[in-house]
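Below is one structure, written out as structure tokens; the observations come after it.
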Amino acid sequence: MSAEDVRYFKSIPWCAELLEQPGVRICATISRLDLNPNKGGPSNNTLFVRTLNTEDAIPHCIGFYRDPLSPETPGLASDPNVQGPASSADDGTSRVLVRSSSIMFDLRPGVNGSNGTAHGGLITSLIDEAMGNMFLANAEARERATASGRALPPDLLDFRVERVITAGMDVRLKKPLITPGIAVLTAHFVQIKDRKMVMTVEVTGEQGVTFATGGGTWLLFPPKKNKL
């Protein structure tokens with residue numbers, strides 16, 4: 001996350017309103033995280049980090065979520081020894097700290113398909129990116145929770161070491177997304193059972209207009225064991 005991206009989105013009133021809500025934490029996004037910093041081995045994450053990171057495609061993006069560790073977050077206590085809220089149903093989502101997170105994307109005409117609107121395949125990729133960012137948000141929140149001495153549930157997933165992969169996706173395009181424009185993608189965990197995690201995603205814009213909805217199933221793999 002760059003200071004420039006923060007300044008850019010906060011200069012847009014409706015974006016600033018979302019980012020400045022009580023309890024909201026601005027965070028880095030997987031879309032700007034170089035997963036291959038040493039330039040060795042197979043390349044990773046280059047589509048968003050490099051290829052689309054241009055003035056004519058997606059020059060700005062930023063992540064944010066309702067901070068489960070903040071006393072300003074409704075339903076959470078400020079006591080650092082409180083583990084956190086139970087899920088509203090037996091859906092397994094109590095195994096994560098952050099159950100919903102968002103990414104703002106600044107979309108320019110370089111991502112267009114036809115008629116001055118964002119390509120449907122690009123929107124699908126954005127939805128996948130929003131789901132993937134849920135793991136980064138949870139890893140960041142857990143790191144802060146551990147550092148603050150907060151007691152954590154024993155079955156809480158640790159995405160700092162867990163391995164995940166997209167198993168399937170579903171996308172429904174509802175309204176053309178005209179560029180240039182800002183899209184906000186919000187992902188939610190809806191079920192976690194055994195190795196399977198299910199998420200939904202909404203693609204919205206100013207005044208809450210919905211451009212697309214979707215979601216997907218992700219599979220969880222145990223951390224790699226160090227070879228002796």
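Numbers here simply count residues along the sequence, with the first being 1. Values reported hereafter were calculated over all heavy atoms of this structure, with side chains retained and with hydrogens, waters and symmetry mates removed.
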Side-chain heavy atoms of E20 within contact of I26, under 4.5 Å: no

Carboxylate-amine/guanidinium proximity below 4.0 Å for K193 and D91: no

Beyond-backbone contact of L122 with L52, side-chain heavy atoms, under 4.5 angstrom: yes

Spacing of CD belonging to E140 relative to OG belonging to S101, to within rounding of 0.5 Å: 11.0 Å

Euclidean distance, M197 CE relative to T93 OG1, rounded to 0.5 Å: 13.0 Å

Pairwise side-chain contact, R144 with L69, heavy-atom cut-off 4.5 Å (strictly under): yes

Minimum heavy-atom distance S94-R99, with the two atoms named: CA-NH2, 3.5 Å

Distance-only donor-acceptor check, side chains T54 and D56, under 3.5 Å: no

Inter-residue atom distance L47.CG - N53.CG, 0.5 Å rounding: 11.0 Å

Distance-only polar pair, side chains of E129 and S31, donor-acceptor under 3.5 Å: yes

Donor-acceptor under 3.5 Å (N115 side chain, T117 main chain): no

OG1-CE distance between T186 and M199, expressed to the nearest 0.5 angstrom: 13.0 Å

More than 12 heavy atoms from other groups under 6.0 Å of CD1 on I12: yes

Joint cluster assignment, L219 & V190, ILVMFWY side-chain distance < 4.5 Å: no

Donor on one side chain, acceptor on other, T179 and N112, under 3.5 Å: yes

Nearest heavy atoms of F64 and V184, plus distance in Å: CZ-CG1, 4.2 Å

L19-F105 co-clustered via ILVMFWY side chain contacts under 4.5 Å: no

Close side-chain approach of T204 and V209, heavy atoms under 4.5 Å: no

R32 side chain vs F48 backbone, donor-acceptor pair below 3.5 Å: yes

Geometric class of the F189/F159 ring pair [parallel <30°, tilted 30-60°, perpendicular >60°]: parallel

Nearest heavy-atom neighbours spanning G132 and I30: O-CD1, 4.3 Å

From I127 atom CD1 to M131 atom CE, the distance as rounded to the nearest 0.5 Å: 7.5 Å

Path from F135 to I62 over hydrophobic side-chain contacts below 4.5 Å: no

Audit row: L185, F211, side chain to side chain contact (heavy atoms under 4.5 Å, CB included) steps and yes/no: CA-CA 10 Å; L185 285 90; F211 299 113; over 6 Å; no

I182-I103 co-clustered via ILVMFWY side chain contacts under 4.5 Å: no

Side chains of I165 and W218 in contact at under 4.5 Å (non-hydrogen atoms): no

Non-hydrogen atoms of L152 and A145 that approach each other most closely: CD2-CB, 3.9 Å

Under 3.5 Å: donor-acceptor pair, side chain of R25, backbone of P68: no

Cation-aromatic face contact R195/F221, 6.0 Å, 45 degrees: yes

Side chain S70, main chain R66, donor-acceptor under 3.5 Å: no

Non-hydrogen atoms of L177 and A183 that approach each other most closely: CD1-CB, 3.9 Å

Side chains of K175 and T210 in contact at under 4.5 Å (non-hydrogen atoms): no

L126 side chain reached by V203 side chain, heavy atoms, under 4.5 Å: no

Heavy-atom check, side chain of L220 versus side chain of I192, under 4.5 Å: no

Check: S2/D5 side-chain N/O donor and acceptor closer than 3.5 Å: yes

Side chain to side chain contact (heavy atoms under 4.5 Å, CB included) between L18 and M104, worked out: CA-CA 10 Å; L18 292 176; M104 283 182 181; 3.8 Å; yes

S11 side chain vs Y8 backbone, donor-acceptor pair below 3.5 Å: yes

Common cluster, L136/I58, ILVMFWY with side-chain heavy-atom separation under 4.5 Å: no

D128 side chain to T166 side chain, donor-acceptor N/O pair below 3.5 angstrom: yes

Candidate pair V24 and Y65, rule side chain to side chain contact (heavy atoms under 4.5 Å, CB included), full reasoning: CA-CA 6 Å; V24 165; Y65 60 88; over 6 Å; no

Where L97 and N138 come nearest, the two heavy atoms and their spacing: N-OD1, 3.0 Å

Pairing of D158 and R160 as salt bridge, 4.0 angstrom limit: yes

Derivation of the side chain to side chain contact (heavy atoms under 4.5 Å, CB included) call for V201 and T213: CA-CA 6 Å; V201 180; T213 60; over 6 Å; no

Distance-only side-chain donor-acceptor flag, T200 / H188, under 3.5 Å: no

